[in-house]
Amino acid sequence: MSQIPQTMPAVAYLKSLPVDDAESLVDTTLPVPRPGPRDLLVRVEAIAVNPVDYKIRQSNDPGGEPKVLGWDAAGTVVAVGDQVESFRVGDEVFYAGALDRPGANSLFHAVDERIVGHKPDSLSFAEAAALPLTSLTAWEGLFEHLGLHTDALKQSGTLLVTAAAGGVGAMVSQLARALTSLTVIGTASRPETVDFARRMGAAPIVDHRELLAPQVRAVAPDGVDFVFGTIGTDRNLAAYADIVKPFGRIVAIDDFDAVEIGLLKSKSISFHWEFMFTRSLHRTADQAEQGRILDQVARLVDAGILTTTATTDLGKISAEHLREAHRILESGKAIGKITMTGF
């Protein structure tokens, strides 16, 4: 690390404040992290912003200590720990990182190699940064929790995806369309989100502002086999109990305290949580599966099978631009992913 500076620019927050407060996110200078034995030190070239960023900013007050957010990044490896096996200096990478370590809204970032993928060659850093968190969430939800197969000849049926124009919903739709024979019903409510959801692979589209069950029954009279819930799972569970076929499966990623799970019993419908950070938070034995998933996503992108969900680049990584990104996400009107490139 002799040619790497001792300090670096970063964006952090010191106190949980409303996003319109100029101090809610601030530009700062922090020490460059030193990589651990399995870590890569990455020069961050681009980031993407997710709802998890503003949720942590709102709920986790750091008490005056700078806390760096950001769990989507693409960059170049500049140093490696002495036990790193799969990467070397100069490799271009993309990853989501770990929730219990500093985020990537900084010029340099340390991350465990096992949860890192090789960046798709065909994408820019910003286009690649839009993919890790959502593609991991979508892949784990579809192919681990819902039990789908990545061979299109082996899986048919109907999948309902809520908020199909969001970051996760768009990746779920793409993966399901590309790797299975499922019919993908998406929910969206505005003309621009309907259009984006269709481009990502969801069709038909129903309006999540209206009653869900009758709309789904109108396009899938026999009901659906699977639900990937990204929003509104608690308020929609009764509708799911109606439209999901016996022995169907539901996976949810949104935040809520309780649901009437008993509604699902008579049809033997199974309910699954998907939380992309589980492997890194609990140091599971299969952490490296996330690196393998990201490498597979990169291959699918380079083959033209998947595409980036980056839609809005706000320019340089700065507190001002990150506040704007948080503001957009908090409004609930984001389409695809918001990215930033360079400091």
| said: If the threshold is 4.0 Å, N to carboxylate O, is there a salt bridge linking Asp112 and Arg38? | reply: no
| request: Give the intermediate values and the outcome of ring pair (Phe, Tyr, Trp, His ring centres under 6.0 Å) for residues Tyr95 and His109. | output: CA-CA 11 Å; Tyr95 57 90; His109 186 238; 5.6 Å; yes
| task | Output the rest of the hydrophobic cluster of Met200: all Ile, Leu, Val, Met, Phe, Trp and Tyr residues reachable through side-chain heavy-atom contacts under 4.5 Å, sorted by chain and number. | result | Phe196, Ile335
| Restricting to pairs with a member in residues 120-136, which pass salt bridge (charged side-chain N to carboxylate O under 4.0 Å, His left out), not counting sequence neighbours? | none
| Quick one: are Val68 and Val11 in side-chain contact, heavy atoms under 4.5 Å? | no
| said: Any salt bridge linking Arg292 with Glu289? Criterion: basic side-chain nitrogen under 4.0 Å from a carboxylate oxygen. | reply: yes
| With a 4.5 Å heavy-atom cut-off, do Arg299 and Leu306 have their side chains touching? | no
| said: I'd like to check Gln290 versus Arg114 (side-chain heavy atoms, cut-off strictly below 4.5 Å). Are they in contact? | reply: no
| query | Under 6.0 Å from the six-membered ring centre of Phe247 and within 45° of its axis: does the NZ or CZ of Lys267 meet both? | reply | no
| Quick one: do Glu65 and Lys67 make a salt bridge, cutoff under 4.0 Å? | no
| query | How about Ser16 and Asn60: do any of their side-chain heavy atoms sit closer than 4.5 Å? | reply | no
| Charged N to carboxylate O under 4.0 angstrom, Arg327 versus Asp20? | yes
| task | Identify which one of Pro62, Ser24, Pro18 satisfies the side-chain contact (heavy atoms from CB on, under 4.5 Å) criterion when paired with Arg57. | result | Ser24
| message | Is the ring pair Phe87/His118 parallel, tilted or perpendicular, if the boundaries are 30 and 60 degrees? | response | parallel
| query | Which of parallel (below 30°), tilted (30 to 60°) and perpendicular (above 60°) describes Phe256 and Phe271? | reply | perpendicular
| task | Count the heavy atoms of every other residue, nucleotide or ligand shown that sit under 6.0 Å from NZ of Lys15, and state whether that count exceeds 12. | result | no
| field | Leu69 side chain near Leu25 side chain, heavy-atom distance below 4.5 Å | value | yes
